[in-house]
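Heads up, the thing below is written out as C-alpha cells.
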Amino acid sequence: MSDKGTIEHKGIVEHCEKDSVHVRIMTESACASCKLHAVCGMDTKAKVIEVDNASVSDFKSGDEVKVGITEKLGYKALFFGYLLPFIIVLLVLLVSMGVSGNEGLSGVLALSSLLPYYITLSLLRDKLKKSFRFSINKK
C-alpha cells in the first residue's frame, strides 16, 4: 500500500486493447519470504487484471506498472467473494437442520445454495465490473 486507502500491486503490461490494458500481477502468500516456502507448497501465482478506460497510448506490452484499487472496493470484493457466501451457507445449514434434523440433507442443501449465488454473480458480472475500478500508473 502506498497511499492511505489504496491497495497497489506491481505488475507488467501483457497487452493493450481498444480501451483497456491487461496487466499481469504476481500474488504472493504471506509466507513467501520464508526460506522454506517452496517446500510447504505455498507459491506465487500470476493473475491478469483488465484495467478499463485506461489511456492505452501511455502503455505498451512489457511496461512495469502499479495497479491500484481503493480499500473500500477491496472490502466490497471480500464481502461478495467470501463473507456473503459463508453467511448464505451457514444460514441455509442452520435453517435446514432446524426444519429437517437431517445432517446429510442439510449439508447438501447448504452447499447447493451457493449455485444460485454464483450464477447470480455471473449474470451480474458486467454490472460488478463497472463498479470495481482499477487505477494504473507507470512505475
Side-chain angles (χ1 to χ4, degrees):
M1 259 187 339
S2 67
D3 295 333
K4 185 173 173 87
T6 303
I7 302 166
E8 289 186 337
H9 288 282
K10 296 175 188 174
I12 298 174
V13 175
E14 290 242 317
H15 66 278
C16 300
E17 291 181 355
K18 186 171 63 173
D19 60 351
S20 65
V21 177
H22 294 257
V23 179
R24 180 176 29 92
I25 62 170
M26 298 301 287
T27 58
E28 296 180 350
S29 63
C31 60
S33 61
C34 174
K35 293 178 182 176
L36 301 174
H37 77 277
V39 177
C40 72
M42 298 303 287
D43 202 5
T44 59
K45 296 177 184 165
K47 293 185 180 184
V48 177
I49 294 178
E50 181 180 352
V51 182
D52 288 331
N53 299 326
S55 179
V56 177
S57 60
D58 293 344
F59 304 100
K60 63 181 185 301
S61 188
D63 283 349
E64 290 187 15
V65 294
K66 285 186 180 180
V67 177
I69 191 169
T70 63
E71 270 187 27
K72 184 178 177 181
L73 288 177
Y75 289 131
K76 183 178 176 181
L78 286 173
F79 175 76
F80 284 118
Y82 296 102
L83 188 60
L84 189 56
F86 174 74
I87 291 169
I88 290 171
V89 167
L90 190 62
L91 285 175
V92 170
L93 182 66
L94 293 174
V95 169
S96 61
M97 274 297 294
V99 172
S100 73
N102 186 335
E103 290 178 3
L105 176 64
S106 297
V108 169
L109 286 175
L111 292 176
S112 299
S113 68
L114 290 178
L115 187 62
Y117 174 74
Y118 285 113
I119 289 172
T120 304
L121 276 185
S122 178
L123 293 173
L124 297 174
R125 175 180 44 233
D126 292 333
K127 185 176 180 178
L128 289 171
K129 188 176 178 181
K130 289 178 185 174
S131 71
F132 288 97
R133 292 283 176 202
F134 290 94
S135 62
I136 185 170
N137 299 309
K138 285 200 175 189
K139 190 172 169 187

Which atom pair, heavy atoms only, marks the closest approach of Asn137 to Glu8? ND2-OE2, 4.4 Å
Which atom names give the shortest non-hydrogen contact between Ile69 and Arg133, and what distance separates them? CG1-O, 3.9 Å
Do Ser61 and Cys16 have side-chain heavy atoms sitting under 4.5 Å apart? no
With rounding to the nearest 0.5 Å, note down the distance linking CZ in Phe80 to OH in Tyr118. 12.0 Å
Quick check: closest heavy atoms across Ser113 and Ile88, and the distance to 0.1 Å? OG-CG2, 3.5 Å
Using the side chain to side chain contact (heavy atoms under 4.5 Å, CB included) rule, take Met97 and Glu103 through it: C-alpha gap first, then chi angles, then the decisive distance, then the call. CA-CA 6 Å; Met97 274 297 294; Glu103 290 178 3; 3.8 Å; yes
Leu128, Leu78: one ILVMFWY side-chain cluster at the under-4.5 Å cut-off? no
Measuring only between side-chain heavy atoms, which start at C-beta, is Val23 closer than 4.5 Å to Val48? no
With clusters defined by side-chain heavy atoms of hydrophobic residues (ILVMFWY) lying less than 4.5 Å apart, directly or transitively, does Val95 cluster with Leu84? no
Heavy atoms of other groups near Lys72 NZ, more than 12 under 6.0 Å: no
About how many Å separate CD of Glu64 and NZ of Lys10, when rounded to the nearest 0.5 Å? 8.5 Å
Rounded to the nearest 0.5 Å, the OG atom of Ser20 sits from the CZ atom of Phe59 at a distance of 12.0 Å
Distance, nearest 0.5 Å, that separates OG of Ser96 from CG of Leu109: 5.0 Å
Ser131 and Lys76, any side-chain heavy atoms less than 4.5 Å apart: yes
Tell me, do Glu17 and His22 make a side-chain contact under 4.5 Å, heavy atoms counted? yes
Please answer: with hydrophobic residues joined when any side-chain heavy atoms are less than 4.5 Å apart, are Ile87 and Val92 in the same cluster? yes
Is it true that, when you exclude Glu50 itself, more than 12 heavy atoms of the residues, nucleotides or ligands shown sit nearer than 6.0 Å to its CD? yes
Measure the spacing between CZ of Phe86 and CZ of Phe79 and express it to the nearest 0.5 Å. 13.0 Å
Taking a hydrophobic cluster as the set of Ile, Leu, Val, Met, Phe, Trp and Tyr residues connected by side-chain heavy atoms closer than 4.5 Å, whether directly or through intermediates, do Ile49 and Phe132 fall within one such cluster? yes
Are the charged groups of Lys129 and Asp126 less than 4.0 angstrom apart, N to O? no
Besides Leu111, the hydrophobic cluster formed by Ile, Leu, Val, Met, Phe, Trp and Tyr side chains linked at under 4.5 Å, directly or via other members, contains none
Could you check whether atom OH of Tyr117 has more than 12 heavy atoms from other residues, nucleotides or ligands sitting under 6.0 Å from it? yes
Closest non-hydrogen atoms of Ile25 and Gly11, given as atom of the first, atom of the second and distance, are CG2-CA, 4.0 Å
List the steps, then state whether side chain to side chain contact (heavy atoms under 4.5 Å, CB included) holds for Ile136 with Val21. CA-CA 9 Å; Ile136 185 170; Val21 177; 3.9 Å; yes
In terms of hydrophobic clusters joined by side-chain contacts under 4.5 Å, are Ile7 and Val65 together? yes
Could you tell me whether the side chain of Glu71 reaches within less than 4.5 Å of the side chain of Thr6, counting heavy atoms only? no
Any non-hydrogen side-chain atom of Val89 less than 4.5 Å from a side-chain atom of Leu114? yes
Distance (rounded to the nearest 0.5 Å) between Leu73 CG and Phe134 CZ: 8.5 Å
